[in-house]
2 protein chains.
Amino acid sequence: MREFLKTKGYKMTPQRELVFRSFFELGEHVSVDELFDRVRQIDKAVGYSTVWRNLKLICEVGLAREVNVGDGVTRYDRVTRKPHGHFYCVSCKSLLEFDLNEIAGRLAKVATAEKFETESFKVEIEGVCKSCRDKENRKTKRSLSESPGVSKAKLSKKR
Amino acid sequence: MREFLKTKGYKMTPQRELVFRSFFELGEHVSVDELFDRVRQIDKAVGYSTVWRNLKLICEVGLAREVNVGDGVTRYDRVTRKPHGHFYCVSCKSLLEFDLNEIAGRLAKVATAEKFETESFKVEIEGVCKSCRDKENRKTKRSLSESPGVSKAKLSKKR
DNA sequence: TGACTAAATGAAAATCAATTTCAATACCGA
DNA sequence: TCGGTATTGAAATTGATTTTCATTTAGTCA
Ligand SMILES: [Mn+2]
Ligand SMILES: [Mn+2]
Ligand SMILES: [Zn+2]
Ligand SMILES: [Zn+2]
């Protein structure tokens, strides 16, 4: 790792090493805050900006990519895995991956047709995961006699 | 429109009408600021929050959807059109649409396979549009004698 | 036609993630 | 070891978004 970074013109530091290691330990879909927490468990002295900057660096050198599901928090995904899309459960906010091989092919075709030079795809399916749906069903069944109407949902809640 | 909103329990106001009308006039991929500017051209007294809230309302009642390409600005897209994906040019930040019919079918299949209840798809191709690529080529050709190396890119720039 | 009440408005403030600033510190090549 | 550059950490800033709150208004009903 040290060597890899050196070739790209970056120095190695204890903080950097810790951030990199923690990121790869955490695995999929890591947010800055999650990574920060993890790093802090090991070294209380590391600053938030250091974690942030090094996470950016991990992207910069091509080891991770940003994942933005539109819930206000950017997550970071290792690029080791082959191209994949994400199920995003709007209920529990979990991300589940699915393979993108055939679909990626079609998308590439669409892109060339439009003379668009593709850098990356982003495919997302928004909805409700099985576990959340089951939970919801059970709740509904339990309370079928109560509260007849649900009032207008308050506008937004994000972030 | 007035009637449509009434059935959903909302009142009509001059501001609301103006915001709605302006939104549909502007068409595709409208940001709050763009809409705000447009509205202000007609009525200087309308507040930003009013525009924002009504844009949210347009989504709430199902007439628009948020589009988040991860550049920090949320855009809003009418739902009149059939499902489509977006080319996002990272250079000029323009959005170009492409049809999603076949791909949507495949995605739906993937979703059912995973017992995931789909609410919507989000398909994006990031890259460089033809016009930007041409521009870039011309520039490169012109300056082939200059600056031999490009230094490390500054980390991030978004928003 | 009023009068009432919940909804809507506008200005300002609050949020909140993301990013930058800057002075102090630490790498690492010579 | 030394010196110049990169990195760090705390704090401040940014910029979009969202909320608050006092005031106004739309729509309802007598
Ligand atoms: Mn992933
Ligand atoms: Mn669109
Ligand atoms: Zn879920
Ligand atoms: Zn372009």
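Just so you know, these numbers come straight off a predicted model, no measurement behind them. Quick note on labels: first sequence line is chain A, next is B, and so on, each numbered from 1.
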So does [X] reach the base of [N] with its side chain, donor to acceptor, closer than 3.5 Å?
X: A:Ser49; N: D:dA10; result: yes
X: B:Arg75; N: D:dT17; result: no
X: B:Thr13; N: C:dA7; result: no

Handout entry: Closest listed nucleotide, where the reference is the side chain of B:Trp52 and the choices are D:dT19, C:dT9, C:dA11
Key =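 Closest nucleotide among those given: D:dT19.
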Exercise for the section: Tell me which nucleotide among D:dT19, D:dA26, D:dG9 gets nearest to the side chain of A:Arg53. Expected result: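 So the nucleotide nearest the side chain must be D:dG9.
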Calculate the interatomic distance between [X] atom [atom1] and [N] atom [atom2]; express it in whole Å.
X: B:Arg2; N: D:dG27; atom1: CZ; atom2: P; answer: 4 Å
X: A:Leu5; N: D:dT5; atom1: CG; atom2: P; answer: 21 Å
X: B:Tyr48; N: C:dA12; atom1: OH; atom2: P; answer: 16 Å
X: A:Asp71; N: C:dT15; atom1: CG; atom2: P; answer: 20 Å

Practice task
Taking atom types as modelled, find out whether A:Asp99 and A:His84 have a side-chain donor-acceptor pair closer than 3.5 angstrom.
Solution key: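 No, no side-chain donor-acceptor contact under 3.5 Å.
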Quick one: is [X] getting a side-chain N or O under 4.0 Å of the [N] phosphate, OP1 or OP2?
X: A:Lys11; N: D:dT8; value: no
X: B:Gln15; N: C:dA8; value: no
X: A:Arg16; N: D:dT8; value: yes
X: B:Asn54; N: C:dT9; value: yes
X: A:Thr74; N: C:dA18; value: yes

Exercise for the section: Determine the minimum heavy-atom distance between B:Arg38 and B:Glu25, stating which atoms define it. Expected result: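 Minimum heavy-atom separation between B:Arg38 and B:Glu25: NH1-OE1, 2.8 Å.
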Exercise for the section: Using a strict cut-off of less than 4.0 Å between a Lys/Arg side-chain nitrogen and an Asp/Glu carboxylate oxygen, indicate whether A:Arg133 and A:Glu136 qualify as a salt bridge. Expected result: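 No, A:Arg133 and A:Glu136 are not salt-bridged.
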